[in-house]
Amino acid sequence: MVRHPALVPDPLEYLRRATGYGNPLKIFTLDDDARSLAKARLRARLAGGELGEAPGFEYEVASLLLALAGAASSKLALSRLVEAEVYDASRLLEEADVEDLISVARGLGLRVERGSPVSIPWLVSRGRVYYRRLDLSAPFTDVLENAEVESVSSLFMLGGRVYLDRRLLILMITGTARRRLLELAGRVRELIPEGLEDLEEEAKSLAEGAREPRGLVEEALPSCIKSMLARARAGERLRDEEVYLLSTFMARIGAGSRVLEEVLSKSGLVPPGLAPLVASVLYEEASRFSPYNCRALEKMGLCRCRGSLLGEYASNLRRVRG
C-alpha cells in the first residue's frame with residue numbers, strides 16, 4: 001500500500017472523516033504540531049531540511065495542506081513545493097507493485113484497466129523481432145492530460161486506449177498528483193482566510209533564498225560535495241544518487257551547468273563531446289527539485305551533515321565572503 005499525502009484522492013474529505021469536522025483545516029491551523037510539521041515540510045521541500053515524524057497520517061495530510069496554503073501566495077514557492085512533493089511520492093511509487101499502482105491511479109480518477117495482454121514489436125536484433133507484452137491500458141485522453149510524453153507517436157494505441165508500461169503509469173499518476181495539488185492550493189487557501197502569515201513568510205523566504213543566484217564558491221561547499229567533485233575530477237565514476245545530489249545542489253545555488261559538464265566528462269559518465277548538451281539538460285531538470293535532506297543522505301552513506309546542505313553552504317558562504 002502506497003501512503004503519501006500527495007496521493008490521497010481527496011485530502012479534505014480524508015481529514016473530515018478523520019476528525020469529524022466540516023472544515024478540519026480550522027482545527028489544524030490552531031494545532032501547534034500541525035503548524036510545526038507544515039513549516040518543517042516547507043523547509044524540507046524548498047531548502048532540503050529535515051521532515052520530522054508526524055503523530056499520524058492525518059497530520060501528514062494536514063501539514064501538506066497547510067504548506068500548500070502558505071505557499072499559495074508565491075508562484076515560485078508553490079511550484080517548487082508541488083514538484084518536491086511529487087518527486088517524493090514518485091520514489092514510493094517506484095518501489096510499489098503493479099496492483100498498488102493501479103489502486104493509486106484509480107483513486108486519483110485515472111481509468112486504468114487490466115485485461116488481456118497485447119504483444120508489441122519492441123526490438124529487432126540480428127533479424128529477430130522481440131515483442132513486449134502489456135496488459136494495462138487507459139483512455140488516450142487520460143494519458144495525454146496527465147503524463148508528460150515526448151511524442152504521441154511513441155505511444156502504443158489500440159481502440160482508443162493507450163497500453164501502459166510501468167514508467168508511463170507512474171508518469172500518469174505523478175502528473176495527476178501535480179495538477180491536483182496546484183488546484184488544491186487555491187481551495188485550501190480559501191478555507192483558511194487568516195492565521196497563515198508565518199507560513200507565508202517562511203515559504204516566500206525559502207523560495208526567494210533558493211532562487212538567489214549566489215554562484216559557485218568552492219571554498220564554501222559542504223565537505224561531502226567537495227569530496228564528490230574531487231572524486232569525479234580524478235576520474236572516478238559517481239553513483240546515480242551522487243549525480244542527482246550534485247545536480248540539484250548546483251542548480252539550487254545557481255552554479256551553472258559547466259561544473260556538471262566537468263563531472264560528467266571527467267568521471268566517464270558521458271563522452272566529452274556530449275557532456276555540454278547533457279549537462280545543460282540535466283541542470284535545467286535538476287532546478288525543479290531539491291537535494292536529498294541530511295537524514296536521507298546519511299542512510300544512503302553519501303554524507304553526514306546536519307539540517308540542510310543548502311543551509312550549510314549559505315552559512316559557509318557568509319563566512320568566506322566576510
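Heavy-atom basis, side chains included; hydrogens, waters and symmetry copies ignored.
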With a 3.5 Å cut-off and no angle check, do the side chains of Ser267 and Arg237 form a donor-acceptor pair?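 Looking only at side-chain atoms, Arg237 and Ser267 do not form any donor-acceptor pair under 3.5 Å.
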Ignoring hydrogens and angles, state whether a donor on the side chain of Asp31 or Tyr59 is under 3.5 Å from an acceptor on the partner side chain.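 Yes - a donor-acceptor pair under 3.5 Å links their side chains.
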Check whether more than 12 heavy atoms from other residues, nucleotides or ligands sit under 6.0 Å from atom [atom1] of [X], and answer yes or no.
{"X": "Glu53", "atom1": "CD", "answer": "no"}
{"X": "Arg258", "atom1": "CZ", "answer": "no"}
{"X": "Arg17", "atom1": "CZ", "answer": "no"}

Could you tell me whether Glu218 and Arg233 make a salt bridge, using a distance below 4.0 angstrom between a side-chain N and a carboxylate O?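 Salt bridge present between Glu218 and Arg233.
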Where at least one partner belongs to residues 239-250, residue pairs that pass side-chain hydrogen bond (donor to acceptor under 3.5 Å, both in side chains), sequence neighbours excluded: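 Listed by first then second residue: Arg231-Glu242.
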Set of residues satisfying ring-ring contact (aromatic ring centres under 6.0 Å, His included) with respect to Phe57, sequence neighbours excluded: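 Result, ring-ring contact (aromatic ring centres under 6.0 Å, His included) vs Phe57: Tyr14.
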Atom pairs and distances, side-chain donor-acceptor, residues 268-277, under 3.5 Å, sequence neighbours left out:
none

What's the spacing between Leu309 CG and Phe249 CZ if we round to 0.5 Å? 6.0 Å
Check the pair Arg91 / Glu95 against salt bridge (charged side-chain N to carboxylate O under 4.0 Å, His left out), numbers first and verdict last. CA-CA 7 Å; Arg91 290 196 290 173; Glu95 299 174 358; over 6 Å; no
Let's go through Arg161 and Glu113 carefully: what are the C-alpha distance in whole Å and the side-chain angles of both, what is the deciding distance for side chain to side chain contact (heavy atoms under 4.5 Å, CB included) to 0.1 Å, and is it a yes or a no? CA-CA 10 Å; Arg161 299 185 69 83; Glu113 293 183 4; 3.5 Å; yes
